[in-house]
Participant: 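Mind having a look at this structure? Questions to follow.
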2 protein chains.
Amino acid sequence: MSDLFPKKGHDHDRCVHSALAQAEKVCDSENARFTDMRRKVFTLIWQSHKAVTAYELLDALTAEGQRVQPPTVYRALEFLTELGLVHRIESLNAYFGCDRPDCEHLGQYFICTDCGRVAEAVNEDMSNAVRKAARSVGFTIQATTVEIKGLCHDCATH
Amino acid sequence: MSDLFPKKGHDHDRCVHSALAQAEKVCDSENARFTDMRRKVFTLIWQSHKAVTAYELLDALTAEGQRVQPPTVYRALEFLTELGLVHRIESLNAYFGCDRPDCEHLGQYFICTDCGRVAEAVNEDMSNAVRKAARSVGFTIQATTVEIKGLCHDCATH
DNA sequence: CAGAAAATGATATATTATAACATTTCATCA
DNA sequence: TGATGAAATGTTATAATATATCATTTTCTG
């Protein structure tokens with residue numbers, strides 16, 4: 001069984017750090033500004049293994065001493081999702097960092113209803129099945145939402 | 001190319017009628033009460049080819065002369081979704097009638113961003129790909145959300 | 001019919017999201 | 001280098017979506 005959810009003991013700080021580096025690269029190549037606010041929001045999202053809501057981000061920023069209003073957070077989220085740096089989990093009204101912002105993909109999300117962790121998968125079987133189904137009914141895909149809720153392996157077995 | 005979205009001239013009243021009959025059967029077999037309010041909400045949902053929001057239902061009920069509050073609508077929606085008579089489209093915060101309430105399925109939704117119509121598919125390729133992906137990472141599925149946005153054939157070609 | 005359970009009514013409020021306009025920041029180039 | 005225009009953020013208000021709680025009504029069951 002492959003690892004999807006992070007294993008115990010993985011170095012999360014390092015993941016966040018490398019995600020930041022990658023985000024900077026993406027912004028650079030898009031001539032988009034990775035401002036302080038955007039960086040803060042991005043970092044907060046990446047620091048969590050769970051999907052984070054806009055108002056949780058708002059609270060976290062406030063706790064950091066910023067006095068921030070909803071539009072500020074939503075704008076940062078809009079920016080980050082448009083660049084593909086962050087994905088919105090529709091069934092949670094929450095946001096999650098994207099592992100592979102540099103490549104086009106139809107991502108899929110596994111969401112554990114017990115521990116709350118989220119994992120992104122980029123599974124070609126699923127993507128291809130979606131593309132094929134769309135083709136067979138003459139549907140032109142613009143965006144896909146594939147969210148799978150249930151129990152991660154840890155929660156199912158412990 | 002198979003038909004997914006309804007063709008021009010199909011008899012929608014008849015669809016609604018048969019959906020009502022089927023809903024009654026399902027409620028019967030579950031010993032659940034298909035009350036007036038639930039029937040009204042179900043009918044309003046089925047009368048639309050688009051997904052309908054809770055507050056649109058509220059307005060429609062009000063227009064019919066009922067004076068209804070949000071909890072009433074949300075309770076009816078909860079009842080209907082729990083029985084599988086209606087599905088919630090997460091990416092739209094809206095509800096759509098289920099064609100096949102009588103069988104277990106992982107449904108997929110095609111949502112046209114131009115005309116707004118929604119179509120449910122029950123595509124085994126997609127379902128199997130989802131199940132297989134979950135199995136391969138040790139994930140136990142409780143619920144799936146597969147929503148595909150784009151252009152339906154009509155809108156893409158006209 | 002009495003009593004319990006289920007459904008709905010009513011009120012209030014929580015949560016999620018955006019519109020509109022003011023101000024600040026930043027890249028550009030005259 | 002500092003004027004200027006575009007982009008980003010600040011600020012205020014409000015819209016849209018959803019639920020908690022308790023009261024009342026309806027329905028089922030014995």
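All chains are named by letter (A, B, ...) in the order of the sequence lines, taking the proteins before the strands, and each is independently numbered beginning at 1.
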Participant: For the pair made of CG in B:Leu57 and P in D:dT17, what is the distance, rounded to whole Å?
Facilitator: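 Between P of D:dT17 and CG of B:Leu57: 11 Å.
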Participant: Determine, answering yes or no, if A:Tyr55 is stacked on C:dT15 under the 5.5 Å centre rule and the 30° plane rule.
Facilitator: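 No; centroid distance or tilt outside limits.
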Participant: Looking at D:dA7, D:dA18, D:dT12, which one has an atom nearest to any side-chain atom of A:Arg33?
Facilitator: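 The answer is D:dA7, which lies nearest to the side chain.
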Participant: Closest to the B:Arg75 side chain: D:dT21, D:dT17, C:dA20?
Facilitator: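 Ranking D:dT21, D:dT17, C:dA20 by closest atom to the B:Arg75 side chain puts D:dT21 first.
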Participant: Using whole Å, report how far CG of B:Leu83 lies from C1' of C:dA7.
Facilitator: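 Distance check: B:Leu83 CG to C:dA7 C1' gives 14 Å.
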Participant: In whole Å, what is the span from the CZ atom of B:Arg67 to the P atom of C:dT11?
Facilitator: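 Spelled out: CZ on B:Arg67 to P on C:dT11 is 10 Å.
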Participant: For the residue pair A:Arg39 and A:Phe34, would you count it as a cation-pi contact if the rule is NZ or CZ under 6.0 angstrom from the ring centre and within 45 degrees of the ring axis?
Facilitator: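 Checked: cation-pi criterion not met.
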Participant: Do A:Arg88 and A:Glu90 sit within salt-bridge range, that is, some charged N less than 4.0 Å from a carboxylate O?
Facilitator: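 Answer for the salt bridge query: yes.
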Participant: Using atom CZ of B:Phe42 as one end and atom P of C:dA7 as the other, report the distance to the nearest whole Å.
Facilitator: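 One finds 17 Å between P of C:dA7 and CZ of B:Phe42, rounded.
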Participant: Starting at CG of B:Leu58 and ending at P of C:dA10, how long is that distance when rounded to a whole Å?
Facilitator: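 In whole Å, C:dA10 P lies 13 Å from B:Leu58 CG.
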Participant: Taking NZ from B:Lys40 and C1' from C:dT8, how many angstroms apart are they, rounded to a whole number?
Facilitator: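 Distance check: B:Lys40 NZ to C:dT8 C1' gives 12 Å.
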Participant: Could you check which of D:dA18, D:dA20, C:dA17 has an atom nearest any side-chain atom of B:Pro71?
Facilitator: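 Looking only at side-chain atoms, B:Pro71 lies closest to D:dA20.
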Participant: How long is the line joining CZ of B:Arg38 and P of D:dT27, in whole Å?
Facilitator: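 Whole-Å distance recorded here is 12 Å.
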Participant: Between D:dG10, C:dA10, C:dA17, which nucleotide gets closest to the side-chain atoms of B:Gln69?
Facilitator: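 Side chain of B:Gln69 sits closest to C:dA10.
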Participant: Please determine, for the side chain of A:Thr35, which listed nucleotide (C:dT16, D:dA8, C:dT8) has the closest atom?
Facilitator: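 When the side chain of A:Thr35 is considered, D:dA8 is the closest of C:dT16, D:dA8, C:dT8.
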Participant: Ignoring hydrogens and angles, tell me if any N or O in the side chain of B:Ser48 forms a donor-acceptor pair with the backbone of B:Ile45 under 3.5 Å.
Facilitator: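 Judged by distance alone, no pair lies under 3.5 Å.
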Participant: I need the CD-P distance between A:Glu90 and C:dT15, as an integer number of Å.
Facilitator: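 A:Glu90 atom CD is separated from C:dT15 atom P by 20 Å.
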Participant: If you only use heavy atoms from C-beta on, which nucleotide in C:dT16, C:dT8, D:dA18 is closest to the side chain of B:Arg88?
Facilitator: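 The nucleotide sitting nearest to the side chain is D:dA18.
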Participant: Side chains of A:Gln108 and A:Ser127 only: does a donor on one sit below 3.5 Å from an acceptor on the other?
Facilitator: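 Yes, a side-chain donor-acceptor pair sits under 3.5 Å.
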